[in-house]
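Every heavy atom of this structure was used, including side-chain atoms; hydrogens, water molecules and symmetry mates were not. Model, not experiment: these values are computed from the prediction.
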There are 2 protein chains.
Amino acid sequence: MRSSTIYDVAQAAGVATSTVSRAFSNPDRVGAATREHVLEVARRLGYQPNPHARALVSRRTRTVAMVVSDITNPHFFELIRGAEMRAKASGYTLVLVNAEESPRIELEQIHRLTRSVDGFLLAASRQPAEDLLQLAAGHRVVVVNRRVPGLASVVLEHAEGCRQMVAHLASLGHDSVVYLAGPRNSWMAASRWAAIRAAAAELGLRAQRMGPFAPTVASGGAAADAALTTGATAAIAHNDLLAIGVLRRLADRGIQVPQDVSVVGFDDIFAADLCTPTLTTLGGAHADVGRAAVEILLNSMEQPRDHAPELVVPSELILRRSTGVPGRSRGQRPA
Amino acid sequence: MRSSTIYDVAQAAGVATSTVSRAFSNPDRVGAATREHVLEVARRLGYQPNPHARALVSRRTRTVAMVVSDITNPHFFELIRGAEMRAKASGYTLVLVNAEESPRIELEQIHRLTRSVDGFLLAASRQPAEDLLQLAAGHRVVVVNRRVPGLASVVLEHAEGCRQMVAHLASLGHDSVVYLAGPRNSWMAASRWAAIRAAAAELGLRAQRMGPFAPTVASGGAAADAALTTGATAAIAHNDLLAIGVLRRLADRGIQVPQDVSVVGFDDIFAADLCTPTLTTLGGAHADVGRAAVEILLNSMEQPRDHAPELVVPSELILRRSTGVPGRSRGQRPA
DNA sequence: CGTCAGACGGCAAACGGTTGCCATGTGTTG
DNA sequence: CAACACATGGCAACCGTTTGCCGTCTGACG
């Protein structure tokens, strides 16, 4: 049962293939009556255009690739979901690529897919900025949760978020914080540390950084131990997974959160509201980030703009029970 | 910077395009020396075959689509991850489709993608069995976590798992369980209920079913209330999300888990080990399920077999603190 | 009534590969 | 040494669209 082609339709409708083609992709180019007729015949024959034949000549695949640094991280799910929905809404297909935290795999996959997709969403890319710029010279790219001057990007706001986070800790009476950093080549990790350090300076807190740590629950043990050696009363983990790992280790060591030490994370993953104690974290509409990234990509295909947009999606500090007044025996819920 | 084609390579190497083509896709067909030379030239020119041109004639796209009923459900992440990795390992690309729990969207998307992918992984499909069979007549399909006679499938074992679950509850002293069912058109929901009911009969427990409920945390409230009306001392939720919602609602109503009622779920999602109390659940290697599904799909392309394999991946009952002896004031951890 | 501008439809050349078939050269066999 | 099989490379058709260009027809205009 070979499915029908434009030829079949053309023959059945008694017109040329070009007319059939145009009836679909350029409706104004054919007379209304002809168009109706062609479409009717096409429907009857169950005609479905072959995307490859189409892509071959038009050089548009109606497909975008999203490459994430680690598909295992629940934080990406929302991002992926937003991107998938937005893509689908425009009749685009989303292909998913897991870079497994490896810049090499990331590049390999991008290379492999260049000819099959119209553009790339690079989420939390681990590439050096110059490599990204070079990539963007040959491909349509928008980076997600990373800012690279000259590239289109959408990030969840975090500078101000970090400030609020530190201010929150300061208002509880903390006077020193430790940032448990993410991977060395993570732009986010660097950016957050800069913001935390600046906020701490401004508000008169001591700030230190430990790490880097893999952004996983498993790394939380080492991170917790490292945090304790600093004597800080509050630990800001690179993300919620790490924070949850920290909570676990602290519980194991008999250290009370938040009485002995406060813990905060980033991302507001689903589990942040379930762990014990529940986790104070910087959340935001991740799905919107994914959505916006696809949108920017699609727009850039319609009219290639000179200026690469840099979108910032607002974040929100979510206070839960993992932060409190230091040194009090009963944890106290702020505000 | 138009990237180089097979023609460029052929010219630069002083051979015909067919030779270049074969050097890649059918190496034995060209002499060793020529092949080396061609590959060398290709490398130098940065030649990258165009997948669409290739697909157009060979009718193979090296792409598989995974359609999941709800991309939001963390349970699918592992599945997706396993599938992505297996696909990548064979040089295949995974496209992700979210059916948003709607059989209509599911069909639409499948239809839209037929020509762009080599096959479909249908995870927790909501289609009626006959529709799936019809689909499979035209497309290469393997259903995941669903069994349809005549179709290739891989499911996480759950019949025996349900039996163990009920036996576990029986051994704690429960004498009646309620199954909080998943969506009406979910094969899994039906299958689990059958297994639970059979096991209960065998072990002399009363079993009831309530629902259907959407498999989300939000539905847990209604599910919990429904469970309580039955008087059952143990509730088996359709999945962990629902179970977590149930736990929440029970806590709000001041009902103690597991003293007053035991709760168990399915999937062993990450959060199951974080909620309060931690959740007893039927887990398993979901990534293996995804991996196996892709593998079956790829194999079926190499040699179309007459018999559709039906793989069952072992599951594992994970005991945590949400199950215990009923009516005891102190929760007791079994075994 | 001659001209001319659209509007509309068709022809045919791409797009970048794959593959069946044929031609040639080489080694093997009787 | 003739006959033949096989290894190797090239030719050209084909996959299913899109699209630039051209021809024709129609209606409007002067």
Rounded to the Å, how far apart are [X] [atom1] and [N] [atom2]?
X: A:H52; N: C:dG17; atom1: NE2; atom2: P; result: 14 Å
X: A:I6; N: C:dG9; atom1: CD1; atom2: C1'; result: 14 Å
X: B:R60; N: D:dG16; atom1: CZ; atom2: P; result: 17 Å
X: A:R54; N: C:dG16; atom1: CZ; atom2: C1'; result: 18 Å
X: A:D28; N: C:dC8; atom1: CG; atom2: P; result: 9 Å
X: B:N26; N: C:dG17; atom1: CG; atom2: C1'; result: 14 Å
X: A:R59; N: D:dG16; atom1: CZ; atom2: P; result: 20 Å
X: A:L56; N: D:dG16; atom1: CG; atom2: C1'; result: 9 Å

**Item:** Pairs satisfying salt bridge (Lys or Arg N to Asp or Glu O under 4.0 Å), at least one member in residues 86-99 of chain A, at least two apart
**Value:** A:E84-A:K88, A:R86-A:E295, A:K88-B:E100

**Item:** Contacts of type salt bridge (Lys or Arg N to Asp or Glu O under 4.0 Å), residue B:R291, not counting sequence neighbours
**Value:** B:D288

**Message:** Using the salt bridge (Lys or Arg N to Asp or Glu O under 4.0 Å) criterion, which residues pair with A:R126? Sequence neighbours excluded.
**Reply:** A:E101

**Prompt:** Within the structure, does a side-chain N or O atom of B:S18 lie under 4.0 Å from either OP1 or OP2 of D:dG9?
**Reply:** no

**Asked** So which one's nearest nucleotide on DNA chain D is more toward 5', B:V57 or B:T19?
**Response** B:T19

**Request:** Looking at every strand, decide which applies to A:V15 at a 4.0 Å heavy-atom threshold: base, sugar-phosphate, or nothing.
**Result:** sugar-phosphate

**Asked** Taking DNA chain C as the partner, which of residues 29-51 of chain B come within under 4.0 angstrom of it by heavy atom?
**Response** B:R29, B:Y47, B:Q48, B:P49, B:N50

**Request:** Evaluate the ring planes of A:H52 and B:H52, with Trp represented by its six-membered ring, and classify them as parallel (under 30°), tilted (30 to 60°) or perpendicular (over 60°).
**Result:** tilted

**Prompt:** Is any side-chain N or O of A:R22 under 3.5 Å from a base N or O of C:dG10, one able to act as donor and the other as acceptor?
**Reply:** yes

**Request:** Check if the side chain of A:T5 and the base of D:dC15 share a donor-acceptor pair of N or O atoms closer than 3.5 Å.
**Result:** no

**Request:** Measure from the side chain of B:S58, starting at C-beta and using heavy atoms only, and say which of D:dC15, C:dT18, C:dG10 lies closest.
**Result:** C:dT18

**Item:** Nearest-neighbour nucleotide for the B:Y7 side chain, C:dG16, C:dC11, D:dG10 considered
**Value:** C:dG16

**Asked** For A:E108, does the CD atom have more than 12 heavy-atom neighbours from other residues, nucleotides or ligands under 6.0 Å away?
**Response** yes

**Prompt:** Taking only residues at least two apart or on different chains, which pairs with a member in residues 23-46 of chain B satisfy side chain to side chain donor-acceptor pair (under 3.5 Å)?
**Reply:** B:E40-B:R43

**Prompt:** Under the criterion side-chain contact (heavy atoms from CB on, under 4.5 Å), which of A:V38, A:V30, A:V9 is the partner of A:V15?
**Reply:** A:V38

**Asked** Which residue, A:V97, A:V95, A:L79, A:N98, forms the side-chain contact (heavy atoms from CB on, under 4.5 Å) with A:M66?
**Response** A:L79

**Prompt:** Is any side-chain heavy atom of B:N145 closer than 4.5 Å to a side-chain heavy atom of B:H75?
**Reply:** yes

**Prompt:** What's the verdict on side chain to side chain contact (heavy atoms under 4.5 Å, CB included) for A:V141 and A:L132, showing C-alpha distance, side-chain angles and the deciding distance?
**Reply:** CA-CA 9 Å; A:V141 162; A:L132 286 177; 5.6 Å; no

**Message:** Please report the end-to-end axis angle for the helix from C:dC1-D:dG30 to C:dG30-D:dC1, five pairs per end, rounded to 10 degrees.
**Reply:** 40°

